[in-house]
K.L.:
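The following block contains the structure, expressed as structure tokens.
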Amino acid sequence: MSEEKNMTALEPLVKADDLCKFFQLSRKAILKAVNHVNFEIRKGETVGMVGESGCGKSTTGRCLVNLYTPTEGHVYYKGKDIQTYTKSEMMKFRSEVQMIFQNPYASLNPRMTVGEIVTEGMKLHSKMSDAECQEKAEALLARVGLNKEHMSRFSHEFSGGQRQRIGIARALSVDPEFIVCDEPISALDVSIQAQVINMLKELQQELGLTYLFIAHDLSVVKYISDRVIVMYLGTIVEEAPADELYAHPTHPYTQALLYAIPVADPHVTKAKKRITIKGEIPSPINPGECCQFADRCPHATDLCRAEVPVRKEIEPGHFVSCHLL
Amino acid sequence: MAEYENLLEIKNLSFSFKTYGGTVKAVRDVSFDLRKGEILGIVGESGCGKSVTAQCIMRLNPEPPGFFESGEILYKGQNVLQMSKPELKQLRSKEIGFIFQDPMTSLNPTMRVGKQIEEVFTGHKDISKVEIHEKALNIMKLVGISDAEKRFRQYPHELSGGMKQRIMIAMALVSEPSMIICDEPTTSLDVTIEAQILDLLLELREKLGTSIIMITHDLGVIAKLCDRVVVMYGGKVMEHGTVDEIFYDTAHPYTNALMNSIAGLDTDKNTVLKPIPGTPPDLFAPPHGCPFAARCDYAMKVCQTYPPEFTDLSQEHSTACWLQHEWAPKVDLHMHNRQRKETV
């Protein structure tokens with residue numbers, strides 16, 4: 001299976017090159033949400049993106065689908081910078097790249113029926129007749145486990161899990177190739193989460209989708225992803241194939257993050273080595289030119305507080321940004 | 001047997017809410033107890049009645065529309081349901097601390113956080129202002145708030161989520177209660193902050209010997225923190241026992257399904273997660289039989305019509321499931337769990 005993946009892996013589908021997104025809050029305060037980030041996503045793979053709130057993972061995801069315009073740097077989709085797209089290319093891009101949002105309660109228009117929500121994109125992007133759209137929408141809803149009768153209902157009549165399925169059906173309605181899943185399961189109940197994860201996995205196998213899976217739950221990310229990117233305060237601290245990252249976490253932040261997950265097994269969790277990091281995430285407003293994790297890192301040296309660490313490849317495909325290596 | 005003294009006993013508690021749509025039977029026939037110095041976990045999905053149960057202990061549910069259908073809650077042998085208003089006030093301010101789920105919305109945004117901690121002592125005549133201030137500062141230091149003097153004078157919006165949760169914990173602890181109820185205290189926090197707060201709770205139990213009721217839907221938190229666990233579903237207790245018994249000798253299909261539906265760090269990528277099909281029961285008209293019967297893989301005819309009785313499996317462990325009946329087919333729920341135990 002891995003060989004197959006390598007074959008198709010030559011050309012990155014999406015590439016973030018030196019991507020920055022800053023928000024000017026006042027004349028002096030700049031919030032650096034995403035700060036010089038580089039990564040690639042190859043066709044057919046799932047890249048997990050983890051980090052705590054405020055680390056810029058959602059902003060990165062939004063930059064990739066062109067919901068935000070990057071302050072600096074470029075996003076390449078199929079080898080072309082999306083900022084240089086013409087109007088018609090942009091139209092095509094928007095049908096090929098879709099997003100599934102975190103909050104299924106807020107991301108569906110309460111005044112539209114499910115049918116309208118799912119067919120809206122189709123009507124815009126394809127030349128299908130209304131009847132064909134309707135038919136396709138019914139098929140999509142059936143695919144995500146809802147039925148025809150649900151077409152004329154409004155979103156408030158559904159539970160959280162069902163709404164998230166409607167969100168997935170909406171994303172699939174325009175036959176996308178790349179989907180940014182922005183914490184698609186964190187608002188759902190535990191027993192429902194597995195339903196949505198299984199569905200995302202099945203859809204990927206059926207339709208050959210590429211995912212960027214943003215989450216703060218490391219266990220789920222490990223389960224679903226081929227590669228994992230760990231972000232901290234706007235920067236990527238570590239990037240590696242999923243199994244490698246969890247077997248050999250190298251950056252002190254990744255180690256602390258892995259320690260912090262409560263494992264649902266009393267013996268394991270009580271025997272776990274304790275690596276607690278003190279303090280809280282510092283503010284991303286006007287961050288210093290140094291390793292962003294230096295303030296909380298148990299191994300920080302003067303060098304860490306003075307210079308931005310360079311990205312190093314310690315194993316094939318395993319990148320770490322840390323001075324200690 | 002001082003060790004086994006029950007601080008809190010809940011017996012056959014049923015609590016419902018009257019609404020326009022009918023009566024919501026939020027908690028049905030729930031019984032458990034809390035011992036001195038232990039951490040008891042209540043685990044379940046949203047809508048299973050865990051928060052309502054906890055709020056019943058302090059009578060925090062609005063009455064009306066809520067009302068007690070039956071049962072009693074004994075705190076140190078006293079029935080909470082028959083307490084007078086001053087007694088309840090005493091209970092809420094001195095005896096039991098409550099940590100709410102969402103620190104962002106449960107603090108008063110117009111009041112300095114220090115004042116909010118001091119407010120716990122409003123109406124206590126036997127303590128001077130200076131002493132109260134001293135106490136508040138000490139408790140802030142105890143829960144790990146650095147620079148307590150400065151934080152004391154700040155407003156909630158100036159603090160981060162983790163800090164606010166620490167303030168909430170400080171408020172719950174400042175009157176040195178015998179027990180604290182934590183209602184999903186870490187759900188809205190990041191994992192590294194969550195780990196800090198959980199470590200803090202463990203440390204406080206060690207130092208002060210406080211009993212804790214921990215309400216959560218996260219089995220990881222339960223595994224890390226708790227001594228005993230109560231599993232709730234559809235307003236009823238499904239299973240209770242020590243944490244090891246619940247995790248390694250699971251006896252109820254719901255507990256088992258809950259554990260198998262989450263992706264752990266040790267879950268193999270090629271295995272398909274086993275979600276629990278369907279949705280939780282409608283509490284307007286709860287099923288007559290076992291509330292989990294509609295979603296249960298092992299459901300039998302009897303499960304639909306008659307509620308199962310509790311079967312004791314050990315001194316602590318007991319479960320409400322018809323599979324335990326002598327006529328029921330023998331089902332091995334533990335296979336997966338036992339394998340996990342062996343790898344440890």
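A note on names: the letters A, B, ... follow the listed sequences, proteins ahead of strands, and every chain is numbered from 1. Just so it is clear, the values below take in all heavy atoms, side chains as well, and ignore hydrogens, waters and symmetry mates. It should be emphasised that the depicted structure is a prediction, and the values quoted were computed from it without experimental measurement.
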K.L.:
Does any backbone or side-chain atom of A:Q193 lie under 4.5 Å from a heavy atom of chain B? Answer side chain, backbone, both or neither.
P.N.:
neither
K.L.:
Could you tell me which of A:R296, A:K222, A:E202 has the largest number of non-hydrogen atom pairs under 4.5 Å with chain B?
P.N.:
A:K222
K.L.:
Do A:H150 and A:Q162 have side-chain N/O donor and acceptor atoms under 3.5 Å apart?
P.N.:
no
K.L.:
Answer with side chain, backbone, both or neither: which region of A:S225 has an atom nearer than 4.5 Å to a non-hydrogen atom of chain B?
P.N.:
backbone
K.L.:
Under a plain distance cut-off of 3.5 Å, with no hydrogens placed, do A:H216 and A:S186 share a side-chain donor-acceptor pair?
P.N.:
no
K.L.:
Could you tell me which portion of B:E194 (side chain, backbone, both or neither) has an atom closer than 4.5 angstrom to a non-hydrogen atom of chain A?
P.N.:
side chain
K.L.:
Could you name each residue pair satisfying ring pair (Phe, Tyr, Trp, His ring centres under 6.0 Å) that touches residues 221-246 of chain A, not counting sequence neighbours?
P.N.:
A:Y232-A:Y253, A:Y232-A:F293
K.L.:
According to salt bridge (Lys or Arg N to Asp or Glu O under 4.0 Å), does anything in residues 255-264 of chain A pair up with another residue at least two apart or in another chain? List the pairs.
P.N.:
none
